[in-house]
Novice: 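Take this structure first; my questions come after.
All values below were derived from every heavy atom in this structure, side-chain atoms included, with hydrogens, water molecules and symmetry-related copies excluded. In each ligand, atom 1 is the first atom listed, and ligand 1 is the first ligand listed. As the structure is a computational prediction, the values presented were derived from the model and not from experiment.
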Amino acid sequence: HIGSQIVDRKVDSVCPFCGVGCLITYNVKDEKIVSVEGRDGPANHSRLCVKGRFGFDYAHHPQRLTVPLIRKAGVPKAYGDTPRPGDWHETFREATWDEALALAAGKLRSLRDTHGKKSLAGFGSAKGSNEEAYLFQKLVRTGFGSNNVDHCTRLCHASSVAALLEGVGSGAVSNQVNDVEHAEVILIIGSNPTANHPVAATWMKNAAKRGAKIVLADPRITDLGKHAWRTLQFKADTDVAMLNALIHAVIDEGLVDEEFIRNRASNYEALRDNVKGYSPEAMAPICGIPAGTLREVARAFATAKGAMILWGMGISQHVHGTDNARCLIALVTVTGQIGKPGSGLHPLRGQNNVQGASDAGLIPMMFPNYQRVDNASAHAWFEDFWHTKLDEKPGYTVVEIMHKALAPDSDPHKIRGMYIMGENPAMSDPDLNHARHALASLEHLVVQDIFMTETAWLADVVLPASAWPEKTGTVSNTDRMVQLGKRALDPPGQAKADLWIIQEIAHRMGLQWNYEGVESGVAAVYDEMRLAMHAAIKGITWERLQRESSVTYPCLAEDDPGQPTVFIENFPTATGRVKLVPADIIPADERPDAEYPFVLITGRQLEHWHTGSMTRRATVLDALEPMATASMCQADLGKLGLEAGDVVTIASRRGEVAIHLRRDDGTPQGAVFVPFAYYEAAANLMTNAALDPFGKIPEFKYCAVCIQRGGMP
Ligand code: SF4
């Protein structure tokens, strides 16, 4: 019963939004989801946030794509205007699946055969299942013939993963979120968990209630600040200065865990020498945090029985994102706060399956399970496993692919055709005018999605896909839990399961795949992926997932409960030790100046998810946050003679938006925060595509803008 309603069936699944991975039950009546309940999953214990509980009716939205579409002859791909949802009949015509698939795959095949394997690229999705991610990257690697495959991890934690693989040998978290229960100090940096990982934030608040000291470090102080022992509102872009000052203080005050360094770390001397010049006293004017506070926090972190660091995009989305994460690794290492319960590193994963999609190989430099494509033995293993020749060179990343789509015809690596499944780069990439120009310039673009997204507007062929409640599959959350979602509904109209569509494209590209079984052979795909992942998920069989719903990896055998805390005895590096990598201050690519005096910070908000294609079509969520707003503090509003509710135009050197203002005194002076979920005020029109050199992640968290009264929102 839901209230007085009797439902037809209850189907267990996983929330499709953030990386917390709350387990849910869909209540279905008359083939519609009528409500969602939280299940007693290991990550949520029946808790849900507003997105998980109320953000479900996007699946029934009248704008769902229900039939394959082909761009009408002669209709140009207009990228100058922000595309809007609505009637597509002037741009596209309906087609049969046979016709659409033949055109989609046929043109990709002819581009490959005419211009070479590097002329194609694919973006998979962290919103799809592990099985879809695995099959998509296999299609690109074995069918397109290169490693030009990526997804939104590049826009998210790529720099964190680069630092973690280099430092501790694994890109995943060392401890699960609810391990904060065992921590005395919890450093949360560059993250707004109450908005972006709301149920995870409840475990942090519970920890604070029982006495744990939360240190919230962020240029923008958000809701969790109310529960913090100390808030470090450091100046944007000064992460390395502040973190090196903390490490300096630990060393300076004799709080280094010498035994841990001796037995489990390497390169400590280089780190120690490097931070000599970063005393809290010297860094205080740079980062804006008093030296005494820095020393107090360093002491608390080093002397706690357990101390954890959890971080988000505020750390990773900088040109120095990898350096930021290197400093976090160094801080837990010098204090010995890793490798035990209540102590460790946790990069909070954004999308529901960004962990799993990366694990499954949806990245250009790694096969499944982070086997480098240019490692001879990994390369040979996958050639044997997939029975085909493979490219031994890493492919291009998300932003590089956009650049390559605009390369001159003479460039042998010019990208000419793309297959995009469930991603929306025309909203999520930096410098959108450039990204949209790149997408529009492709000779052939195939988009597979559930709505006519901003990216789909630029496609040649649009393939109507399944929403999450319409399919069975696994996703892996931020805690390394592989979790099973079951199909609650059939897709609408002629829309099809993504797994089916990928296989149909593959067959038409000349691949002989044969995944038998129900729901497009999802269990067979999972079984193959499990082999490709080697030991990591060996003990997590498809049958076990039917029984248990959620199993943590590493999981080496069917009776292994999984390892919630890792690195207890050693690190999966070549030496078994953490490799410390010193970092120095590198300024943002674009600093404020007289012409563009404000810093733009972009991010998410509680009610809307990423580019808004799902949540803005969910009735309750749209009613709660129906329009874009830019947040500024009262001091800046007053200085500019503005008030909350006024319309301003915010402009960078690359683009501008007109938007209503909102007062938020947590936003620092000299900065403006704009969420990136709104097509009508697309924040990424303004962002900078400058990349971190290691993770190749763009600098979404910092660019220069000017603000003027007026505009047409
Ligand atoms: Fe979904 Fe994340 Fe909210 Fe949980 S916290 S209900 S996974 S959006």
Side-chain angles (χ1 to χ4, degrees), residues 11-27 33 35-59 125-130 152 156-157 173 176-178 180 188 191-207 222-224 227 310 312-313 346-357 467-469 473-486 488 549-550 552 603-622 624-625 675-677:
V11 182
D12 288 345
S13 190
V14 188
C15 173
F17 295 110
C18 89
V20 173
C22 298
L23 295 192
I24 60 172
T25 298
Y26 289 119
N27 291 308
I33 301 169
S35 62
V36 171
E37 293 168 73
R39 272 196 288 152
D40 189 12
N44 66 313
H45 295 287
S46 306
R47 300 176 185 192
L48 293 179
C49 78
V50 67
K51 285 190 289 288
R53 191 170 298 282
F54 297 112
F56 56 83
D57 61 345
Y58 71 91
S125 176
K127 293 232 80 55
S129 67
N130 287 323
C152 70
C156 170
H157 264 306
V173 302
Q176 298 180 329
V177 172
N178 58 21
V180 294
I188 298 154
S191 170
N192 178 6
T194 32
N196 299 329
H197 302 86
V199 168
T202 67
W203 305 123
M204 299 172 198
K205 292 178 199 170
N206 288 164
T222 52
D223 187 64
L224 205 63
H227 305 266
L310 301 102
M313 310 292 93
H346 191 117
L348 285 154
R349 257 45 190 221
Q351 294 264 20
N352 59 331
N353 197 34
V354 71
Q355 179 67 59
W468 175 247
T474 64
V475 282
S476 302
N477 75 351
T478 189
D479 285 330
R480 296 183 268 104
M481 295 167 184
V482 181
Q483 310 200 102
L484 179 70
K486 293 184 181 165
S549 279
S550 171
T552 294
R604 300 190 293 249
Q605 59 186 154
L606 171 64
E607 295 80 3
H608 287 304
W609 187 251
H610 280 214
T611 67
S613 58
M614 291 156 68
T615 52
R616 293 199 72 202
R617 292 175 172 99
T619 313
V620 171
L621 301 177
D622 187 49
L624 288 169
E625 282 289 348
F676 64 94

Novice: I'd like to check which ligand 1 atoms, numbered from 1 as shown, lie under 4.0 Å from a non-hydrogen atom of G52.
Specialist: 6 (S)
Novice: Just which atoms of ligand 1 are under 4.0 Å from any heavy atom in V199?
Specialist: 4 (Fe), 5 (S)
Novice: Should you measure from each heavy atom of F17, which atoms of ligand 1 turn up under 4.0 Å away?
Specialist: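 Contacts of ligand 1 toward F17, numbered from 1: 8 (S).
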Novice: Looking only at protein heavy atoms, which one is nearest to atom 4 (Fe) of ligand 1, and how far off is it?
Specialist: C22 SG, 2.3 Å
Novice: Check ligand 1 against P198 and write out every atom of the ligand that is under 4.0 Å from a heavy-atom position of the residue.
Specialist: 5 (S)
Novice: Does one side chain, of D622 or T615, offer a donor that lies under 3.5 Å from an acceptor on the other?
Specialist: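 Short answer, no.
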Novice: Does ligand 1 have any atom that is closer than 4.0 Å to a heavy atom of N44?
Specialist: no
Novice: Hey, is atom 2 (Fe) of ligand 1 within less than 2.8 Å of some N/O/S atom on C18?
Specialist: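 For C18, the answer is yes, given that an N, O or S atom comes within less than 2.8 Å of atom 2 (Fe) of ligand 1.
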Novice: Can you sort out which atoms of ligand 1 are near G21, meaning under 4.0 Å from one of its heavy atoms?
Specialist: 7 (S)
Novice: Without hydrogens or angle criteria, can the side chains of N353 and K127 be said to hold a donor-acceptor pair below 3.5 Å?
Specialist: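 Distance-only check fails for N353 and K127.
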Novice: Quick one about S549 and Q483 (side-chain donor to acceptor, distance below 3.5 Å, no hydrogens or angles considered), yes or no?
Specialist: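 Q483 vs S549: no donor-acceptor pair found between side chains.
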Novice: Assess, by modelled atom type and distance only, whether the side chains of H608 and R616 contain a donor and an acceptor separated by less than 3.5 Å.
Specialist: no
Novice: Would a line drawn from the ring center of W203 to the ring center of H45 be shorter than 6.0 Å?
Specialist: yes
Novice: Is it the case that R39 and S13 place a side-chain donor and acceptor less than 3.5 Å from each other?
Specialist: no
Novice: Starting from atom 3 (Fe) of ligand 1, which protein heavy atom do you reach first, and at what distance in Å?
Specialist: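 Protein heavy atom at minimum distance: C49 SG, 2.3 Å.
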Novice: Indicate whether any N or O donor in one side chain lies under 3.5 Å from an N or O acceptor in the other, for N27 and E37.
Specialist: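 E37 and N27 do have a side-chain donor-acceptor pair below 3.5 Å.
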Novice: Quick one: look up the protein heavy atom nearest atom 1 (Fe) of ligand 1 and list residue, atom name and how far away it is.
Specialist: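 Answer, as residue, atom name and distance: C15 SG, 2.3 Å.
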